[in-house]
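Numbers here are sequence positions counted from 1. As the structure lists them, so they are numbered: ligands from 1, and atoms in each ligand from 1.
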Amino acid sequence: MRHVISVHDLTVEVIIDVLDRAEGMLDIARGKAVNDCLKGKVLGSIFFEPSTRTRLSFETAMTRLGGGVIGFAGTEATSVVKGETLADTIRMVSGYADAIVLRHPREGAAKLATEFSSVPIINAGDGAGQHPTQTLLDLFTIRQHMGRLKGLNISLVGDLRYGRTVHSLAFALSKFGNTINLVSPEGLEMPREVVEHLQDSGQFGIACHTPEEVITTTDILYVTRIQKERFPDPVEYKKVAGKYTIDPQLVSQGPAHMIVMHPLPRINEITPEVDAMPQAKYFVQAANGVPVRMALLSMVIGGV
Ligand code: NCD
């Protein structure tokens, strides 16, 4: 495997391979077993946008496999503030590292980076574009709790317009055969190309504006944050902020086996009372970032 830019690069076989390897790495991810298959290797971790889970779980994954990490989180202390281009930054870091994990506010930045890199680029989020490694850990979490990746009714809730995690996840779920419902405030609907893809592949469920309309038939309730930083106009953000909240009353209307996921950070779209419910899986989901990224790094850098 070389660059990981979008879920379109990942076949069903590759996805299953990553998930199976990740399962075999759970003990190493938790520090209960040791594996140093990436000893002596270096990961370049360059984050032009804020991140907690993605950056720290990549760093943990690399460290647990015996490798090292260089990079930056925020550009304040780098030559980017002097005006260095993304192309030059990538050229340079690819001279130091064996792979580069890149997060950038511009859609298409990761793809662009592949043109200047001599090592694999892993997209850790490009603006409102894609977030393929989040999708891998989302799929891992779904399989872990539902035992399968097909024949599920998944409701994607929240900012479907600017949310990159739901763009990647919708495309990936459609590789397996599922029904996907789209629940968003008005103006934050899923981009047309994703909707058309779901319709063409016969996997489009319903599109609506309130989770109440889908809750009773939902297996996976996947909630997202309104992506404040992507709004060109703060007034528009204010109109949709806090539009709906997932609370225990709503969650208990779902089927008994339903699970609630969220890529996090959560602002106010899931009330803290939901955290104690057995359906709440978002912190397990975040922890799954480590074994999944370990599996991915071992394939991309270790070549195993
Ligand atoms: C997401 C992201 O950055 O796209 N976070 C993450 O990687 N877990 C979701 C978000 O910021 O809302």
Are any of the N/O atoms on H131, whether in the backbone or the side chain, positioned under 3.5 angstrom from an N/O atom of ligand 1? yes
Sub-3.5 Å N/O-N/O distance, T165 and ligand 1: no
Any Lys/Arg nitrogen of E269 or R266 sitting under 4.0 Å from an Asp/Glu carboxylate oxygen of the other? no
Is a salt bridge present between E229 and R225, judged by a nitrogen-to-oxygen distance below 4.0 Å? yes
Provide the number and element of each atom of ligand 1 under 4.0 Å from a heavy atom of [X].
X: P263; result: 8 (N)
X: P265; result: 10 (C), 11 (O)
X: T54; result: 6 (C), 7 (O)

Using 30° and 60° as the class limits, which term best fits the ring planes of F48 and H104: parallel, tilted or perpendicular? tilted
Could you check whether any heavy atom of T224 sits closer than 4.0 Å to an atom of ligand 1, since that is the contact criterion I want to use? no
Hey, does Q227 sit under 4.0 Å from ligand 1 if you only count heavy atoms? yes
Check the surroundings of atom CZ in R148: do more than 12 heavy atoms from other residues, nucleotides or ligands lie under 6.0 Å from it? yes
K243 atom NZ: more than 12 heavy-atom contacts under 6.0 Å: no
For atom 12 (O) of ligand 1, tell me which residue out of Q130, R225, H262 has the closest non-hydrogen atom. R225
A student comparing E49, R266, R230, R164 should find that the heavy atom closest to atom 4 (O) of ligand 1 comes from R164
Ring center gap for Y222 and H262 short of 6.0 angstrom: no
Is it possible for you to say whether I121 and M299 belong to one hydrophobic cluster, with membership spreading through side-chain heavy-atom contacts below 4.5 Å? no
Closest protein heavy atom to atom 5 (N) of ligand 1, given as residue, atom name and distance to 0.1 Å: L264 O, 3.0 Å
